[in-house]
Protein chains: 2
Amino acid sequence: MGKAIYDGIYRELRERIVRGDYPPQSFLPSETELCSEYGCSRMTVRKAISMLANEGMVASIKGRGVRVIRPKTDQNQAEKAFYVNELTSFTESARAIGAKPSARLFLLDHVVCSPELSLQTGFAEGEDLTRVNLVRSLDGVAMAVDRHHFLTRIVPNIDEHVATSSLFRYCEENLGLNITVSNREVSVEPPTPEDKELLGITEPIYLAVMRSRTYDSDGEQFEYVVSKYLPNWFHFFDSATRTPLP
Amino acid sequence: MGKAIYDGIYRELRERIVRGDYPPQSFLPSETELCSEYGCSRMTVRKAISMLANEGMVASIKGRGVRVIRPKTDQNQAEKAFYVNELTSFTESARAIGAKPSARLFLLDHVVCSPELSLQTGFAEGEDLTRVNLVRSLDGVAMAVDRHHFLTRIVPNIDEHVATSSLFRYCEENLGLNITVSNREVSVEPPTPEDKELLGITEPIYLAVMRSRTYDSDGEQFEYVVSKYLPNWFHFFDSATRTPLP
DNA sequence: CAGTGGTCTAGACCACAGC
DNA sequence: CTGTGGTCTAGACCACTGC
């Protein structure tokens with residue numbers, strides 16, 4: 001992974017920005033200068049810069065240069081917030097904030113994809129799906145409910161141990177799946193009676209809901225998951241770029 | 001605006017996918033074929049494909065081709081949901097779902113950016129900021145509260161008419177600002193007493209909160225806005241790509 | 001094996017910003 | 001005017017896929 005030249009340039013520029021070598025509002029060295037510095041062609045440098053631009057770290061300004069727009073406030077590091085937008089596992093995210101993750105399996109079975117389920121999940125009708133429903137906890141406190149549908153054909157033999165300890169690693173390592181892309185929708189919804197029971201909610205409250213479709217490196221969808229978070233645990237980051245219309 | 005070759009290819013491929021000419025799970029013509037079809041170089045074709053990949057429409061698979069992964073379910077078009085993730089104006093989004101938008105201005109003043117405000121908003125200390133607070137309504141029903149901070153130096157002379165009718169257009173047309181990028185964080189929070197009063201909430205409830213920093217084409221931040229939505233009006237889409245780590 | 005996408009080079013011309 | 005980023009070409013080699 002990441003042996004490409006542009007990837008090294010991307011990482012180095014990124015670290016310099018985070019470290020403060022290139023403070024906010026300053027300009028990166030010009031593309032020509034970076035070409036000399038790294039001894040590569042302009043396209044390679046531009047690829048690295050476009051990756052930085054895609055995550056909202058810099059903005060290219062025609063005729064002037066590439067400006068750092070990352071805000072200096074790194075207040076996030078101090079906070080104990082759980083960020084759900086990284087395409088990483090629950091376990092990784094939990095450890096990043098120093099909390100002990102755990103999971104309780106409350107449903108593990110198979111269903112055949114019905115027409116309605118097909119519309120909802122995106123899987124083809126008639127496919128065999130493995131349902132894995134979990135309550136996620138941090139330091140013993142319930143914070144989310146995950147209801148997964150896996151395409152059994154691609155992710156077979158999920159047992160209780162895999163489901164509660166390492167779903168993500170199982171997909172990546174044991175099955176050799178490369179998770180490449182994920183389409184997600186976020187909304188805010190009241191809990192169902194089951195949600196309330198699972199999360200130990202008594203009062204009326206709302207949950208942050210994320211519905212995801214995950215695809216492997218073949219571009220085939222292998223997972224549909226609805227995650228419902230208690231509000232205080234949900235943080236989602238996004239960087240959008242405006243594309244001028246005709 | 002979109003006079004580039006890659007932009008035309010992007011639009012055409014996108015429309016073919018949406019129309020169903022390239023159904024989900026099928027492959028686009030190979031890059032070489034697209035080069036012949038459009039009479040351009042491979043890099044130009046690849047740029048168009050990467051734009052499609054960035055919005056989760058296709059996934060490139062090395063050695064095989066570019067696969068369409070857009071789900072066939074277009075259930076969204078039928079729904080009357082308000083999607084907040086497009087970098088467009090409230091008015092545009094409202095009209096897209098056939099609702100009549102309106103806004104009530106309840107605060108319009110100036111403040112000098114304090115150290116605390118600087119951390120929160122991302123503006124430099126001492127800058128003059130214009131505060132514009134609005135209640136947004138659809139068909140006469142309150143659905144969101146927007147609390148803007150504009151950098152007065154870049155967005156001067158905001159009056160009541162501009163604030164309630166065309167903030168977005170004012171920035172883009174009258175001031176010639178090109179909004180290029182926006183960094184946003186989504187969370188779910190309980191309303192303040194003021195929020196409750198403005199939105200007419202009596203029962204305990206939660207709001208979907210989006211905090212955005214918006215930058216112009218010079219890469220300078222000119223806006224910080226906290227938007228709080230009633231839950232049923234909030235929908236947010238995202239497409240994430242997994243970047244392999246070292 | 002041939003075809004695919006992933007990476008990279010070494011040029012080129014353009015539009016735009018600032019002097 | 002020079003320097004910048006935006007676009008584009010015409011090649012090249014590689015790793016990977018499927019046959």
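Convention: sequence-line order gives letters A, B, ...; per-chain numbering from 1.
For the pair B:R16 and B:Y22, the cation does not sit on the ring face, since its NZ or CZ is not both under 6.0 Å from the ring centre and inside 45° of the axis.
Taking atom CZ of A:R46 as the reference point, atom P of D:dT7 lies 7 Å away to the nearest angstrom. When rounded to the nearest whole Å, the span between CZ of A:F27 and P of D:dT4 equals 12 Å. Atom CD in B:E33 sits about 11 Å away from atom P in C:dG3, given to the nearest Å. Summarising the geometry, the separation between NZ on A:K47 and C1' on D:dG5 is reported as 18 Å, rounded to the nearest angstrom. Between the CG atom of A:D7 and the P atom of D:dC14 there is a distance of 20 Å, rounded to whole Å. Spacing between atom CZ of B:R64 and atom P of C:dT4 amounts to 13 Å, rounded to whole angstrom units. In this structure, CD1 of B:I61 is placed 15 Å from C1' of D:dA15, rounded to the nearest angstrom. The nearest whole Å value for the distance from the CG atom in A:D218 to the C1' atom in D:dG18 is 12 Å.
Residue B:Y6 has its side chain nearest to D:dC8 when only D:dC8, C:dT4, D:dT4 are considered.
With sequence neighbours left out, B:H148 forms a ring-ring contact (aromatic ring centres under 6.0 Å, His included) with B:F150. The salt bridge (Lys or Arg N to Asp or Glu O under 4.0 Å) check on A:E160 picks up nothing, with sequence neighbours excluded. Qualifying side-chain contact (heavy atoms from CB on, under 4.5 Å) partners for A:R46, counting only residues two or more places apart in sequence or in other chains: A:E31, A:R42. Looking at residues two or more places apart in sequence or on another chain, you find no salt bridge (Lys or Arg N to Asp or Glu O under 4.0 Å) involving A:E125.
Residues B:D128 and B:R153 are not paired through a salt bridge, judged by the lack of any N-O separation under 4.0 Å between the basic side chain and the carboxylate.
Counting any heavy atom pair closer than 4.0 Å across all strands shown, B:I49 reaches no nucleic acid atom.
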Could you write out each protein N or O paired with an N or O of nucleotides 9-15 of chain C at a distance under 3.5 Å?
from   : atom 1 : to    : atom 2 : distance (Å)
C:dT9  : OP2    : A:S41 : N      : 2.7
C:dT9  : OP2    : A:S41 : OG     : 2.8
C:dT9  : OP2    : A:T44 : OG1    : 2.7
C:dA12 : N6     : A:R42 : NH1    : 3.2

Indicate every side-chain donor-acceptor pair of residues 56-66 of chain A with a distance under 3.5 Å to a residue at least two apart or in another chain.
none

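For B:S30 and C:dT4, the shortest distance from a side-chain N or O to OP1 or OP2 is below 4.0 Å. Within the 4.0 Å cut-off from OP1 or OP2 of D:dG5, not a single side-chain nitrogen or oxygen of A:S60 is found.
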